[in-house]
Structure formats: C-alpha cells, structure tokens
Number of protein chains: 2
Amino acid sequence: MKIDPQKPADLSAQIAQAIRSAIISGELIVDERLPSEAELSDQFQVSRPTVREALKRLAAQSLIRTQRGASGGAFVNRISFEDAYAQQVTTSTLLLSMNAVSFDTACEARFALERACAPLSAQRRTADQLATMRAEIFRQAQPGLTDEAFCASDVAFHRALVDGAGNPVLSYQLAGAVEAMQPLMNMITFTARSREEIITLHNQIADALEAQDADKVDTTLVELENYTRKLACDVAQQRRKPA
Amino acid sequence: MKIDPQKPADLSAQIAQAIRSAIISGELIVDERLPSEAELSDQFQVSRPTVREALKRLAAQSLIRTQRGASGGAFVNRISFEDAYAQQVTTSTLLLSMNAVSFDTACEARFALERACAPLSAQRRTADQLATMRAEIFRQAQPGLTDEAFCASDVAFHRALVDGAGNPVLSYQLAGAVEAMQPLMNMITFTARSREEIITLHNQIADALEAQDADKVDTTLVELENYTRKLACDVAQQRRKPA
DNA sequence: AGACTTTTAAATGTCAGACAAATAATTTTT
DNA sequence: AAAAATTATTTGTCTGACATTTAAAAGTCT
C-alpha cells in the first residue's frame, strides 16, 4: 500500500484502491487507525483534498469511519450485517430497475432463494419468528390497507421466514434480494380476491413451519410463486388492453 | 432533492444522500447529467470540494460516473451486473472475515443457495456451461496444483453451475456468495485423497446436470456439503492437537 | 491529594481561489 | 470543404486558511 504511478486514472481512486486492498488483505485490521489526512497526503505525495476524496469513497462502502477531534481520524470499520444489508438493498434495487429485469426473472430468483432456506427454517424457526409471521398475516387481512402497505407487510413476512433459518449469512443475502423486489411488486394491484388467496397461502406456510413440515412449506412456496407470476401476468395484459 | 439543514452530519454525506435518493426514486434517470460541480455548490450553498466529496461517495457505489472536458460532468450510471457483483464480493468477503462467521455457517449458506438454483440449472444448463465444468474438473485433477489454485477452480466450477440456471439475478447473488467464501475455503489443506473425493462428486454433479436429473444434483450437493464440512472440521481439530 | 475547570493541541470539516488537463464546439485557415 | 487552431467548459488537483470537535494536559480550588 504505497505506490501511485501518475499514469491512468484519478489519484483519489488509486489511493482508495490501495487502502481498500490493504484492508481486504488484512494488512490493516479492524479498528486500526489510518494515518491522518496530512500524513497520508505526505505519504502519497498528493494534496489533502485528494486524500479526502479517497477516504470518502471508502466511507461510502462502509470500509472506514471517521471521527473528529484529538485522537480522531479514520478507522477501519467492522462491516456489520446491517451495513452490508443496506448496501445490498440499494445496489440490488437499482440493478433491477435500471436493467429492465423482467418480473418473471426477478420473481423466479426470489422464490428460488426463499425455497433454499425453507428447510432450515422449518427446522429452526423460533416461536418469536412464527409470531411475527402471524402478526403480518393479520395485518394483511386488514381492509383499507394500501397496496404499498400490503407489499411492505409481505416483505416483513418473508423476512421472518428467511430469518427463521437462523443463519445470518443467509438472512443478509436473501432479505436483500426479497426487499429489492418490492418496487416491482408494488406495480401489482391487489384485489380483495387476490389478497385473500395470498393470505391463505401465507397461513399455510406459517402452519407448515409450525409443524416443521419442510415439504409442505416448499410446495406452498411454489404455489405462491405461480400465483404471484399469474397476477403480474394479468396486470401486464390489462395494461396492454385497457378496453 | 434540495435541502440541507446544517444540523447533524457531514454536508458531503447529506448531499450524497440527497442525490442518491433522487436516483433511487427515479427523479434522476440513467445517463442523465447532473449539474456541474460549480452549479451544485451554488445550489446546495457549499463549496466545490464539499460537492466533490459527495460525488466521490456516489462514484464509489457506481451510482454515477464522471467525464472531463466540455460537455463532461457527472452522469447517472446504469449499474451493470458486473459492477453489482464486484461490490457484493467485496462487501461479503469483508463481512465474513470481520465478523468471525464460522465456517459451518458460511458453508451452510453457500450450499443452501447453490441447491436453490440446481433444479433450474438441471433444466437449462447449456452445453457451453457443461464444458466449462468439465474443464475445471480436469484442471482440479492436475498434480502439483496449489491449494489456492484448486480452490479457484472450485469457485469457477460452482460459478458455472450457478450460471446454468440462466437467471442473471440468481447468478449475481449466488456467485458473489460463493466467491466470498473462497478465503475461508483457502484455509483448508486439500490432501490428494480429499481432492480425489471432491473431483468424484464434481463429476457426479456434471453427469447429473447433463442428464438433467435435478434430484441427483441435489443429493450430490448435499454429499459435497457434508464432505466439505468434515474436511474443515478435521483441519480445526488438527490445529487444536498439533501432536 | 483529589475533583473540577480551563487551556491546549490535534484532527477532521469546510471554504476560497487558483491552475492544469481534457474535451467538445467553434472559428479560422488552407 | 477539409484541416487546423482557438475557445469555452468541466473535472482533477493544489495551496492555504479557518471552523469545529474532542481528548488530553495543565491549572485551580477544596
């Protein structure tokens, strides 16, 4: 983590990459303090604003945090599951919205991932997680709920399902994927009839999880996936033929 | 996307958040040009270095790209799967290494995700993807291969499996998870015997995919997961008892 | 001596103004 | 009309300064 040939790209990007590599390689460890901005600018032979731009890049990735005052500075940050989760949601959401990913593709991915943790969840779900799911189902049955609120509750329900696996790595990966799909889901208008159908399936999933019946959870998730895709398909057809 | 109360946090962070929100909400669309740094500093009533720090934060997340010269500026970037993938690998790798995630937890997550796309892969894998898998298996059988190279080939093999599902969203999510585990996998020392065993399982997976036998792929992946965990367990025990 | 207050120093946050370099559009020249 | 030179715009970088925050050091009082 030293050199900067002034050949191609921005200096701040190069410096950020050098420090990033040092963190990833373990050369810099968690909570270690980086040299001060003045020292870094001296070390890299650039001005302080350039160093600062590099540090801001790293801060945007949650790789460092900064503290003002005496004995302040930039410290290597321990990335938390929350940090990672938030970044994943932002990235995934934009990825889906900017790349014309079809509803079917996203939906397939989402349910495939969810089914991946269903067996673990059936085995390990806690009473607390079951209660969360029941509560969300209850909320979904409330009349007068907006489509957005219904979708948000849907996400919370599936989030609880995923957390039931008791594997933080899975939770981080899957919850991000599920949440990133919400904008696409929000495009569906849920009739009273379709809400009823979804709630029925949600209840079946909760029941199966309570009974620790992994196979039943899986088949119901497949049913839910098919139904969700059918709903989206109907919406798309109605948009094409608004007669 | 306008206001900045000078109350709590860094101005550059606030400005970055304001622009980020505008992008996520669709207020700013792909390839749209942001105002120049001078205009932004005027608009937000801050200095140009502060604006620049905000823009570098966004650039670090691949939300914008910049171009110098007349008619240059900052443009809303279309996040590519490659960008998102790279970011996910960085984040996930650090998340695992910094949070004392156990090998078992990471391994369980990895294989759960991989099994999620196995049925799709069995159905849709192309001849090209099968060829990639066979080539990696061949490479893994070479004598004199370092443990690191063996692991890298293992990642490539599983990457091909995941790509076989033909779902870019799944590929992006899963390949990142698999690759993030590589540093943990690298801690295992593979004996000639264990390599042989893994290669046998890889061959069985490739055969099953070729035969489009989803069940067989699944059971073999379970076997591979159990074997991998056993290897890691042995390594851990040997470390404890170096007698 | 011990607890409280004040001062100091170090560090990040912000600003202002300047110049360099790249690049597209415009103007001039051939 | 084509090529070359000029110009204007914009990002990249530098210098130097001041503001703000914060922990530690110094000082003061009981």
Side-chain angles (χ1 to χ4, degrees), chain A residues 2-20 23 28 30-77, chain B residues 2-20 22-23 28 30-78:
Chain A
K2 297 292 127 66
I3 351 171
D4 276 358
Q6 43 267 60
K7 292 297 158 56
D10 295 4
L11 293 178
S12 70
Q14 290 183 50
I15 293 170
Q17 186 54 51
I19 298 176
R20 187 179 297 116
I23 293 175
L28 294 170
V30 166
D31 291 335
E32 182 171 340
R33 184 179 174 279
L34 297 178
S36 73
E37 294 174 355
E39 288 170 319
L40 285 172
S41 57
D42 194 55
Q43 186 174 326
F44 285 112
Q45 289 285 302
V46 298
S47 68
R48 193 157 83 95
T50 301
V51 167
R52 283 182 60 81
E53 287 176 12
L55 294 180
K56 295 314 164 202
R57 288 178 192 262
L58 298 174
Q61 294 180 302
S62 305
L63 295 185
I64 62 170
R65 78 192 109 88
T66 56
Q67 215 170 4
R68 290 173 69 157
S71 77
F75 298 82
V76 177
N77 196 35
Chain B
K2 296 294 125 68
I3 350 171
D4 277 359
Q6 44 267 57
K7 291 297 153 59
D10 295 4
L11 292 177
S12 70
Q14 290 184 51
I15 294 170
Q17 186 53 50
I19 299 175
R20 187 180 297 117
I23 294 175
L28 293 170
V30 165
D31 291 336
E32 183 171 340
R33 183 182 175 280
L34 297 178
S36 72
E37 295 174 355
E39 288 170 318
L40 285 172
S41 57
D42 196 54
Q43 185 174 325
F44 285 113
Q45 290 286 301
V46 298
S47 67
R48 192 157 85 92
T50 301
V51 166
R52 282 182 61 79
E53 286 177 12
L55 294 179
K56 294 316 164 202
R57 288 176 192 263
L58 298 173
Q61 295 180 300
S62 305
L63 295 184
I64 62 169
R65 77 193 110 88
T66 56
Q67 215 170 7
R68 288 171 69 155
S71 77
F75 298 84
V76 177
N77 196 36
R78 161 168 278 125

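All chains are named by letter (A, B, ...) in the order of the sequence lines, taking the proteins before the strands, and each is independently numbered beginning at 1. Below, all heavy atoms of this structure are taken into account, side chains as well, without hydrogens, waters or symmetry copies.
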Nucleotide by nucleotide, 5' to 3', does protein get under 4.0 Å of the base (B), only the sugar-phosphate (S), or neither (-) in nucleotides 15-26 of chain C, counting heavy atoms?
-> B--B--BBBB--
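Atom CG of B/L34 sits about 6.5 Å away from atom CD1 of B/I23, to the nearest 0.5 Å.
Of the residues in residues 51-62 of chain B, those with a non-hydrogen atom less than 4.0 angstrom from any atom of DNA chain D are B/R52, B/K56.
Note on A/R65: nothing from the nucleic acid sits closer than 4.0 angstrom, heavy atoms only.
By the side chain to side chain contact (heavy atoms under 4.5 Å, CB included) test, A/S62 pairs with A/N77, A/D83, A/Q87, sequence neighbours left out. In terms of the salt bridge (charged side-chain N to carboxylate O under 4.0 Å, His left out) criterion, residue partners of A/R65 (sequence neighbours excluded) are, by chain and number, A/D31. Remark: A/Q61 pairs with A/R20 by the side chain to side chain donor-acceptor pair (under 3.5 Å) rule, at least two apart or across chains. Partners of B/S47 according to the side chain to side chain contact (heavy atoms under 4.5 Å, CB included) rule, which considers only residues two or more places apart in sequence or in another chain, are B/P49, B/T50.
When rounded to the nearest whole Å, the span between CD1 of B/I64 and C1' of D/dG12 equals 14 Å. In this structure, A/F44 atom CZ and D/dC14 atom C1' are separated by 18 Å, rounded to whole Å. Protein atom CG of B/D10 is 12 Å distant from nucleotide atom C1' of D/dT21, rounded to whole Å. The nearest whole Å value for the distance from the CD atom in A/E37 to the P atom in D/dT15 is 15 Å. Protein atom CZ of A/F75 is 10 Å distant from nucleotide atom P of C/dA11, rounded to whole Å.
Between B/R48 and B/S41 the shortest heavy-atom distance is N-CB, 3.9 Å. Across A/A60 and B/R57, no two heavy atoms sit closer than the pair CB-O, 3.4 Å.
Applying the side chain to side chain contact (heavy atoms under 4.5 Å, CB included) test between A/L40 and each of A/I15, A/V51, A/V46 identifies A/V51 as the sole match.
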